[in-house]
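What follows is one structure encoded as C-alpha cells, with my remarks underneath.
Numbers restart at 1 for each chain; the letters A, B, ... are given by sequence-line order, proteins then strands.
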2 protein chains.
Amino acid sequence: MSLLTVGSVAFDAIETPFGKTDKIVGGAGTFIALSASNFIKDQRIVSVVGDDFPQETLDMLRSKGVALEGLQIKQGEKTFFWSGRYHNDMNSRDTLVTELNVLGDFDPIIPDSYQGAEYLMLGNLSPQVQRQVIERLTKRPKLIAMDTMNFWMDIALEDLKETLKLIDVLIINDEEARQLSGEYSLLKASRVIRAMGPKTLIIKKGEHGALLFQDEQVFFAPALPLEDVFDPTGAGDTFAGGFIGYIASTDDASFENMKRAIIAGSALASFCVEKFGTQRLLEITHDEIEARIARFISLTNFEMSTVVG
Amino acid sequence: MSLLTVGSVAFDAIETPFGKTDKIVGGAGTFIALSASNFIKDQRIVSVVGDDFPQETLDMLRSKGVALEGLQIKQGEKTFFWSGRYHNDMNSRDTLVTELNVLGDFDPIIPDSYQGAEYLMLGNLSPQVQRQVIERLTKRPKLIAMDTMNFWMDIALEDLKETLKLIDVLIINDEEARQLSGEYSLLKASRVIRAMGPKTLIIKKGEHGALLFQDEQVFFAPALPLEDVFDPTGAGDTFAGGFIGYIASTDDASFENMKRAIIAGSALASFCVEKFGTQRLLEITHDEIEARIARFISLTNFEMSTVVG
C-alpha cells in the first residue's frame, strides 16, 4: 500500500521551559512522514520549500522511503518559518513569528508517479489547497484523513466545509471541535461535525488522550503519563502520521483497526515530545515502539464481568 | 464486609447553566454512602447534622443499609450548608455561601457498634478530624481511603501530612495533586505524594478520566463522553463511594481489583452528573449500572499484538 502526505516542510524555532532552539526542521508534512515511516515503506509527499532547506533532511526522508518528486524546491525563495514560545504548563503557546514564504502561493502539484496512492493524509494547510489535492487525484484514495485548525475556521469556514464533504476522517483537537461545532459536549460536537462530511472523527485532547467517533461507536485512547513534556511541537502531526501509517500498512480501515491505529499514533506522539523537534523521532527503534505500545495496553487493560452483587 | 464512611451530610444550593435548586440534600458523606450502597449492604456513617435535617433522608439512607448510630443530630443547631454557581464549562465554580454550622466543631464519635469495620472511607474533612477517626478505631481497617482538597493544603498542610502517613489510598483531583506535590507532571506528582504515606494514589481528572498509581504500575480509566453534564456536584464523592464500595463488597484490595473499582466508581459518577444533587443516584437500577459498565469496557477495549511491520 502507499500513502500520500500533503503538508508543510518547514523551519521552526521553539522555546520551552527546558530551553530554546535555533531554526530546526519541522512542519506538519515532516512529522507526519517521519511518524508514518515506522509503519509504511511506500510514502509520497507533496510540499514546497525554498532553496535554504537542507539537502541532508531531504536525503534522510528519502532514506525512510519517502518519495520527493512532489516536493517543490523554489529557487531564490525561503522555506516556511514558524517560531513559538510554550508556557509553563506546555498546553498553551504564543506564536512569535510566522513567515509564510513559499507556502504563501503554494500550488500542490501531484506528479504522475504519485497517482494511485491508496491512502491520503492532508496535513494542516488552507482548505482550498487540501481540496485541490483531492480534485487532482485521478483515482479517489481508499481513505482520506485530514487535519485543520481554528485559524481556517476563523477566516475560511465555507471553504473548510466544502473540503470536509470530500474526506473520510477528520483529526482535530478538542478546542477546534468545539469551535467547529458550536457544541461544548464532545459527544454532541462529534455528531455535528460528522454531519458535515467525515464519517469518522478523531478528537485529540493532548495529555488527556484522544477520542474516536464513528456511527454510534466511541473509542477512547489515553495519553501515556510522562515524566516531562520537553517540546510538544509536532505531537499532533506525529499522532496523525502514526494513525494513517498504521492504517495504510495494514490496509484495513475498519473501526477495530482504527482503534489500534490510534494507539500506534499515541505511542509515536509520546516519543515526539521527549526531545526538541523531530530529534526523538529520528532515533526511535522498532523495539522501542513495541515496548511503548505494550505500556498503552497495560495502562488501559482491565478484566471485568458482572459487578453488582 | 462492612464499610465505615466519614463525611459531611449537608445541604447544597446549586446553580448551573441548566437551572438552580433551593436547599437540597448533599454532602460528601451522603454521596459516598449512596454510591457505595450499590455494592455493599453493610455501611456505617459518622457525621453530624442539625435538627433542620429531613427525617426522610435519614430513613432513605437506613433503607439502603446505612447504619446511622454515628450520625449526630445536634438539637438547636443547623446543618452544614454550601451554595455554588458553576460556570458555563462546568469545570469551574464560584462558592457563593459556606455555612459550617454543626461542622465547625465536629467531634467524630465512633459508636461501639461501628468498631471492626474492614474498610474506611474518609470523605473531605479537616485532616485533624480524619486522623481522629483513624485513632479512635480499635482495629485498623484493611484499607483506608481518603479524599482531601486544596483548602486543607493551604491552611493545614502539616496536619494533612500527618494524616497521609496513616492511610492506604488517597483520592484527589489533578489540580490538588499538583499543589500537594509541587510537580506539574502527574507521574512525578504521584511519586512525591506516595512518598508521603499512601501506597496508592488516584488522581481524578473530571471529564478526562482518572489515573491509578501503585508502585511502578499505572492504570487509566476514561470518563464516559456525555451529552450534557447537568450538575457536577458530588461526582467526585460518588466516584470515591463507588470505588470503596466495590473494593469492600469484593473484599479484594489488589491492584487488578482496584482497576475494576475505578471503573465502577467512574460509572456511578457518570450517573451522578445527569441530574441535580443526589436525584439520579436515588433512581439508579442495577441493570443501568451493568449497562454503563459495559459502555466503559467497549470505550477502552482494543486487541493489539505486534504492530511494526
Side-chain angles (χ1 to χ4, degrees), chain A residues 17 38-41 88-90 184-190 203 205 207-209 211 213 217-229 246 249-250 256-264 267 285-287 289-290 293-309, chain B residues 17 38-41 88-90 184-190 203 205 207-209 211 213 217-229 246 249-250 256-264 267 285-287 289-290 293-309:
Chain A
N38 289 289
F39 301 113
I40 183 104
K41 296 308 160 205
N88 280 332
D89 65 1
M90 290 288 190
Y184 186 81
S185 155
L186 296 179
L187 197 59
K188 288 184 176 177
S190 83
I203 300 180
K205 305 200 299 170
E207 63 163 321
H208 302 302
L211 284 160
F213 296 94
Q217 302 175 96
V218 190
F219 175 67
F220 178 85
L224 208 62
L226 296 171
E227 295 282 329
D228 287 307
V229 171
Y246 186 89
S249 74
T250 50
E256 282 306 309
N257 202 49
M258 282 192 183
K259 292 182 184 179
R260 290 186 278 270
I262 281 192
I263 298 292
T285 67
H286 281 190
D287 284 352
I289 298 174
E290 294 280 2
I293 285 174
R295 283 176 62 191
F296 274 88
I297 293 172
S298 98
L299 183 63
T300 57
N301 178 66
F302 66 97
E303 300 289 335
M304 195 163 185
S305 52
T306 304
V307 290
V308 187
Chain B
N38 290 289
F39 302 114
I40 181 105
K41 297 307 159 207
N88 279 332
D89 67 1
M90 290 287 191
Y184 185 80
S185 156
L186 296 180
L187 198 58
K188 289 185 177 176
S190 83
I203 300 180
K205 306 200 297 171
E207 63 164 324
H208 301 303
L211 286 159
F213 296 93
Q217 302 176 96
V218 191
F219 175 68
F220 178 85
L224 207 63
L226 295 171
E227 296 280 330
D228 287 306
V229 171
Y246 186 88
S249 74
T250 51
E256 282 306 310
N257 201 49
M258 282 192 184
K259 292 182 184 180
R260 290 185 278 270
I262 282 193
I263 297 292
T285 66
H286 282 189
D287 283 353
I289 298 174
E290 295 280 3
I293 285 173
R295 284 177 63 190
F296 273 87
I297 293 171
S298 98
L299 183 65
T300 57
N301 177 67
F302 66 98
E303 300 289 334
M304 196 164 184
S305 52
T306 305
V307 291
V308 187

What part of B:Phe220 is in contact with chain A, defined as an atom under 4.5 angstrom from a non-hydrogen atom: side chain, backbone, both or neither?
both
Contact origin within A:Glu207 toward chain B - heavy atom pairs under 4.5 Å
both
Could you work out, with salt bridge (charged side-chain N to carboxylate O under 4.0 Å, His left out) as the rule, every residue matching B:Lys205, not counting sequence neighbours?
none
Minimum heavy-atom separation for A:Lys188 and B:Glu227, please, with both atom names.
CE-O, 3.5 Å
Using modelled atom types only, decide if a donor and an acceptor are shared between the side chain of A:Ser185 and the backbone of B:Asp228 within a distance under 3.5 Å.
no
The reported gap from CD in A:Glu303 to CG in B:Asn257 (rounded to nearest 0.5 angstrom) is 12.5 Å
Looking at chain A, which one of B:Leu187, B:Val229, B:Ile297 has the largest number of heavy-atom pairs inside 4.5 Å, strictly under?
B:Leu187
Part of A:Leu299 within contact of chain B (heavy atom distance under 4.5 Å):
both
Aromatic rings B:Phe219 and A:Phe302: how do their planes relate, parallel, tilted or perpendicular, breaks at 30° and 60°?
perpendicular
Between A:Pro225, A:Ala294, A:Ala221, the one whose heavy-atom pairs under 4.5 Å with chain B are most numerous:
A:Pro225
Heaviest contributor of heavy-atom pairs below 4.5 Å to chain A, chosen from B:Asn301, B:Leu226, B:Ile263, is B:Ile263
So how far is it from B:Ser298 OG to A:Lys259 NZ, rounded to the nearest 0.5 Å?
6.5 Å
Engaged part of A:Ile262 at the chain B interface, taking heavy atoms whose separation is under 4.5 Å
neither
Separation between CD1 (B:Ile293) and CE (A:Met304), nearest 0.5 Å, reads 4.0 Å
Toward chain A, the part of B:Gln217 with a non-hydrogen atom under 4.5 Å
neither
Is chain A contacted by the side chain of B:Leu211, its backbone, both, or neither, given a heavy-atom distance below 4.5 Å?
side chain
Largest heavy-atom contact set with chain B, pairs under 4.5 Å, which of A:Leu224, A:Val218, A:Leu186:
A:Val218
